[in-house]
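Worksheet: the structure to be examined is printed underneath.
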Amino acid sequence: MARTQLPIADNLSLISQILDSIGLSLLGWLCHGFYHDTLELPSEYIYLLILNALLILVVFPYFDLYSSWRGRNKFSRSSACAYAWSTVIVSILVLTFSVKTTATFSRVWFLTWWTSGMIYLIVYRQLMDIILNDLRARGINRKKILIYGAGKVGKNVGDRLREEVEIGFDISAYIDDNVALQGTLVSETKVLPPDQLLNAIKDVQELWIALPFNADKRVQEILWQTRHNTLVVRFIPDIFHYRLLNHSVTEIAGIPIININGTPMSNPKQILKRIEDLLLSTIILVLISPVMLLIALLIKLTSKGPVFYKQKRHGWDGKTINVYKFRSMYYAKDDQFKQATKNDSRITPIGKFIRATSIDELPQFFNVVQGRMSIVGPRPHAISMNEEFKDQVDGYMQRHKVKPGITGWAQINGYRGETDTLEKMEKRIEYDLYYIENWSIFLDLRIILLTIFKGFVNKNAY
């Protein structure tokens, strides 16, 4: 039965290429018709759309758009679609510029086509995902796999595949050298002895090897045993006991390398995040400028000292930055950090109000414009706090893999303000690392919206 399901998967690549190449060209025609109020297409536009179809067939495969994305991160696929489509559009623009025909084509049409094409590529793939998930839930388009290794790594893999049924992988059996495991069930799947390997792989599409790093000799023996079979063989490294953060596999000088912890801010994503920060922070600063002027005046009139409070904190990659706040405490020359506590006598009357409503954080939008902070990210802790907790909380310093933020995933989940216990700090770091691992523009927008509705006023802010 598994063998008869393969043509569905094989045809998806061809379907996607047709929908991309012909679909985007037809979309260009529709955009022209909508803009010019006629479906009649000038010859120069016809030639350009034919060129577009050919460029897509050449360019898109380089962005890994037609390989299987089963179980892979869909946001990465959407990003790949955006980069691929933008590459084609830029290539067309460069070509038309080089032959001096750019003025022939409408700039509004180009922009509309590029934008709608981006939406088209992402949306129809999302619809295909929904259809495929439904098919896989019905037992169609599923892959049978054999896992060699029923130990900790293999069991972890099996448990995850059983939890995420829509991915479409079914474990036919486990094989393990451990006699004690043979004949038992792991993740509700039978464990077979190694002498049944060649017989077991006849009914599966893939062999996953889930053995420890020190089992290199055994892995080579398995590869030698299965050398005459054409099934896909995958190796699952034993990295589950590490604290993984944006882990990935890359290649340097032909050497495959596993990145245990990395930043989600690769160059394209970093640029996208920076555009988001600049655009939103500029708009917000214009809107809140009257409030900031009023607060600055009240601070100046009610207590001696500067309006702003500047403190050194750790930013991206642990670099020291100056973070701005409205001064909320009575001025003292000794600026040694001490975390504010409930009913803290150092806090001024106006300071109590601006801290409870998070207004004291508003000057940090200037930090965002400077590029030292982001609107969304892990809150920057005082350097003394970092020194205190970095050896007590696992993965603590990994929160500096991105720029610190004015608001964050931890804050909207209730972990803001005083962290007077180790447990509170551990939970905050857990949420910070979740944000870094799962970052997307959509997550940022969600956090911003939740901050507006429930993040400004909090019982823990004092």
Side-chain angles (χ1 to χ4, degrees), residues 273-274 277-278 280-282 284-341 344-390 396-397 399-408 410-411 416-419 425 428 432 451 455-456 458 460-462:
K273 176 84 164 168
R274 184 63 181 143
D277 283 335
L278 279 174
L280 293 179
S281 59
T282 301
I284 292 170
L285 279 171
V286 171
L287 294 175
I288 66 175
S289 55
V291 176
M292 292 184 67
L293 287 171
L294 177 61
I295 294 300
L297 181 61
L298 290 173
I299 291 172
K300 202 66 181 174
L301 291 175
T302 55
S303 62
K304 294 181 180 180
V307 170
F308 297 110
Y309 172 67
K310 185 171 64 176
Q311 187 179 53
K312 293 190 180 297
R313 301 198 174 189
H314 283 146
W316 195 3
D317 284 337
K319 295 177 182 177
T320 302
I321 62 172
N322 288 319
V323 174
Y324 306 129
K325 279 188 171 187
F326 279 125
R327 181 175 58 83
S328 59
M329 294 185 178
Y330 291 105
Y331 179 69
K333 289 185 178 180
D334 181 14
D335 61 351
Q336 184 177 358
F337 176 79
K338 180 183 177 184
Q339 194 172 25
T341 58
D344 199 315
S345 60
R346 297 172 298 163
I347 300 176
T348 65
I350 187 65
K352 186 176 182 179
F353 168 74
I354 64 175
R355 290 175 75 96
T357 55
S358 301
I359 291 176
D360 63 323
E361 312 282 359
L362 295 183
Q364 287 167 32
F365 282 103
F366 293 116
N367 285 121
V368 176
V369 173
Q370 292 171 335
R372 297 172 183 170
M373 291 180 63
S374 287
I375 294 177
V376 181
R379 286 292 299 150
H381 292 168
I383 293 176
S384 58
M385 284 183 66
N386 288 339
E387 292 301 318
E388 178 184 355
F389 287 105
K390 68 181 183 180
Y396 182 91
M397 293 301 286
R399 66 198 304 273
H400 298 106
K401 291 287 184 180
V402 296
K403 290 179 184 178
I406 297 175
T407 184
Q411 282 63 47
R416 61 166 294 193
E418 184 183 11
T419 48
M425 182 59 79
R428 178 183 287 187
D432 285 342
T451 300
F456 286 114
N458 189 283
N460 296 323
Y462 39 80

> Roughly how far, to the nearest 0.5 Å, is CG of D432 from NE2 of H381?
Replying inline: 6.5 Å
> Once you round to the nearest 0.5 Å, how far does NZ of K312 lie from CG of N322?
Replying inline: 4.0 Å
>> Test of understanding: with ring pair (Phe, Tyr, Trp, His ring centres under 6.0 Å), list the residues that count as partners of F308, not counting sequence neighbours.
In response: F326
> Does the side chain of W316 come within less than 4.5 Å of R372's, by heavy atoms?
Replying inline: no
>> Can you list everything that forms a side-chain contact (heavy atoms from CB on, under 4.5 Å) with E388? Sequence neighbours excluded, please.
In response: Q392
> Under the salt bridge (charged side-chain N to carboxylate O under 4.0 Å, His left out) rule, what pairs show up with a residue in residues 356-367, not counting sequence neighbours?
Replying inline: K325-D360, K325-E361, E361-R379
> When rounded to the nearest 0.5 angstrom, what is the spacing between OG in S281 and CD1 in I406?
Replying inline: 8.0 Å
> Listed by chain and number, what are the side-chain contact (heavy atoms from CB on, under 4.5 Å) partners of H314, not counting sequence neighbours?
Replying inline: T320, I383, N386, M397, H400
>> So, using side-chain contact (heavy atoms from CB on, under 4.5 Å) as the criterion, who are the partners of P380 when residues are at least two apart?
In response: R313, V323, M373, P404
>> So which atom in V402 and which in P378 form the shortest heavy-atom distance, rounded to 0.1 Å?
In response: CG2-CD, 3.5 Å
> What residues, two or more places apart in sequence or in another chain, satisfy side chain to side chain donor-acceptor pair (under 3.5 Å) together with S303?
Replying inline: R327
>> Restricting to side-chain contact (heavy atoms from CB on, under 4.5 Å), what partner residues turn up for S374, sequence neighbours left out?
In response: K273, D277, K403
>> Suppose we screen for salt bridge (charged side-chain N to carboxylate O under 4.0 Å, His left out). Which residues come up paired with K390, at least two apart in sequence or across chains?
In response: E387
Check: residues 288-301 side-chain donor-acceptor pairs under 3.5 Å, at least two apart:
unit_1, atom_1, unit_2, atom_2, d
S289, OG, V286, O, 2.9
K300, NZ, G305, O, 3.2

> What is the distance from atom CG of N367 to atom CD1 of I375, rounded to the nearest 0.5 Å?
Replying inline: 12.0 Å
> How many angstroms lie between atom CD1 of I350 and atom NZ of K352, to the nearest 0.5 angstrom?
Replying inline: 12.5 Å
>> Once ring pair (Phe, Tyr, Trp, His ring centres under 6.0 Å) is applied, do any residues pair with F365, and if so which ones, sequence neighbours excluded?
In response: none
>> A side-chain contact here means heavy atoms from C-beta on lying under 4.5 Å apart; do R428 and F389 qualify?
In response: no
